[in-house]
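Here's the structure, in structure tokens; my notes come after.
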Amino acid sequence: SRVQDQTERLYLARLTEAARYSSRLLCGRRVTACITADGRVLATGGFGACREWESVRAVSAGNAHLVALHENGQVSATGNDVYGCLDVGEWQNVKSIATGKYHTLGVTEDGRVLFCGRNHKGQGDVSDWTGIRAVYAADTYTVNFHFFFSLNPQKIPKEGRHIHPA
């Protein structure tokens with residue numbers, strides 16, 4: 001409808017303006033989002049619930065879901081709860097987040113990895129990961145950054161390699 005088009009244009013203009021003051025801008029398959037200078041989230045693609053989020057320090061977007069890490073270590077999620085990828089309500093003491101196509105990950109302050117969502121190709125087999133600093137997820141992949149980082153997996157010692165491909 002015309003009103004909806006005007007509302008979306010206005011919201012997109014606000015998002016564009018907020019992005020000018022934020023270096024924290026991301027794009028997912030169905031979302032563009034940013035964290036404003038005051039820790040709020042603006043997003044396109046029908047993710048209106050994120051407008052209520054405050055004190056956000058990181059966001060990540062999956063196929064049809066958006067996840068936020070708050071300053072207090074709690075995590076919020078909105079979007080299409082395909083395969084349980086929004087089940088982050090109980091997560092505490094999280095220091096980083098990542099999202100894949102239909103899964104969400106969090107790394108806790110003590111280096112454990114939390115997972116929710118689809119695990120049909122092993123992307124959620126993270127229960128034995130410890131001492132993790134950060135994770136990266138894409139589509140059906142989950143990769144951790146233990147103590148080594150290299151673009152060439154052959155240069156990473158075997159105990160530092162944890163990649164679950166599709």
Dump the intermediate steps for side chain to side chain contact (heavy atoms under 4.5 Å, CB included) on Leu105 and Ile97, then the final yes or no.
-> CA-CA 6 Å; Leu105 298 127; Ile97 55 173; over 6 Å; no

Any chance you could measure [X], atom [atom1], to [Y], atom [atom2], to the nearest 0.5 Å?
{"X": "Lys95", "Y": "Ile132", "atom1": "NZ", "atom2": "CD1", "value": "9.0 Å"}
{"X": "Ser96", "Y": "Tyr136", "atom1": "OG", "atom2": "OH", "value": "14.0 Å"}
{"X": "Glu52", "Y": "Ser76", "atom1": "CD", "atom2": "OG", "value": "11.0 Å"}
{"X": "Tyr102", "Y": "Arg118", "atom1": "OH", "atom2": "CZ", "value": "7.5 Å"}

Is there a path of hydrophobic side-chain contacts, each under 4.5 Å between heavy atoms of I/L/V/M/F/W/Y residues, joining [Y] to [X]?
{"X": "Leu86", "Y": "Leu66", "value": "no"}
{"X": "Trp129", "Y": "Val107", "value": "yes"}
{"X": "Val126", "Y": "Leu114", "value": "no"}

Check: Lys101 main-chain N/O paired with Asn63 side-chain donor or acceptor under 3.5 Å | no

Give a yes or no answer on whether the side chain of Gln74 reaches the backbone of Trp91 with a donor-acceptor pair at less than 3.5 Å.
-> no

Kindly state whether the ring of Phe115 and the ring of His103 have centres lying under 6.0 angstrom apart.
-> yes

Find out whether Asn72 and Ser55 are in side-chain contact, i.e. whether some heavy atom of one side chain is under 4.5 Å from a heavy atom of the other.
-> no

Taking C-beta and beyond as the side chain, do Trp53 and His70 meet within less than 4.5 Å on heavy atoms?
-> yes

For the residue pair [X] and [Y], what are the closest heavy atoms and their distance?
{"X": "Cys85", "Y": "Cys116", "value": "O-SG, 3.5 Å"}
{"X": "Ala137", "Y": "Ala98", "value": "N-CB, 3.9 Å"}
{"X": "Ala77", "Y": "Val88", "value": "CB-CG2, 3.8 Å"}

Do Asn93 and Asp110 have side-chain atoms, one donor and one acceptor, less than 3.5 Å apart?
-> no

Take atom CZ in Arg40; do more than 12 heavy atoms of anything else shown fall under 6.0 Å from it?
-> yes

Sole residue of Thr99, Thr78, Thr104, Asp81 in side-chain hydrogen bond (donor to acceptor under 3.5 Å, both in side chains) with His65 =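 So, applying the side-chain hydrogen bond (donor to acceptor under 3.5 Å, both in side chains) to His65 and each of Thr99, Thr78, Thr104, Asp81, only Thr104 qualifies.
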
From the options Val41, Val56, Val67, select the one residue that forms a side-chain contact (heavy atoms from CB on, under 4.5 Å) with Cys50.
->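 Result for side-chain contact (heavy atoms from CB on, under 4.5 Å) with Cys50: Val41.
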
Run the side chain to side chain contact (heavy atoms under 4.5 Å, CB included) check on Ile35 and Val59 step by step: do they pass?
-> CA-CA 8 Å; Ile35 303 172; Val59 289; 4.0 Å; yes

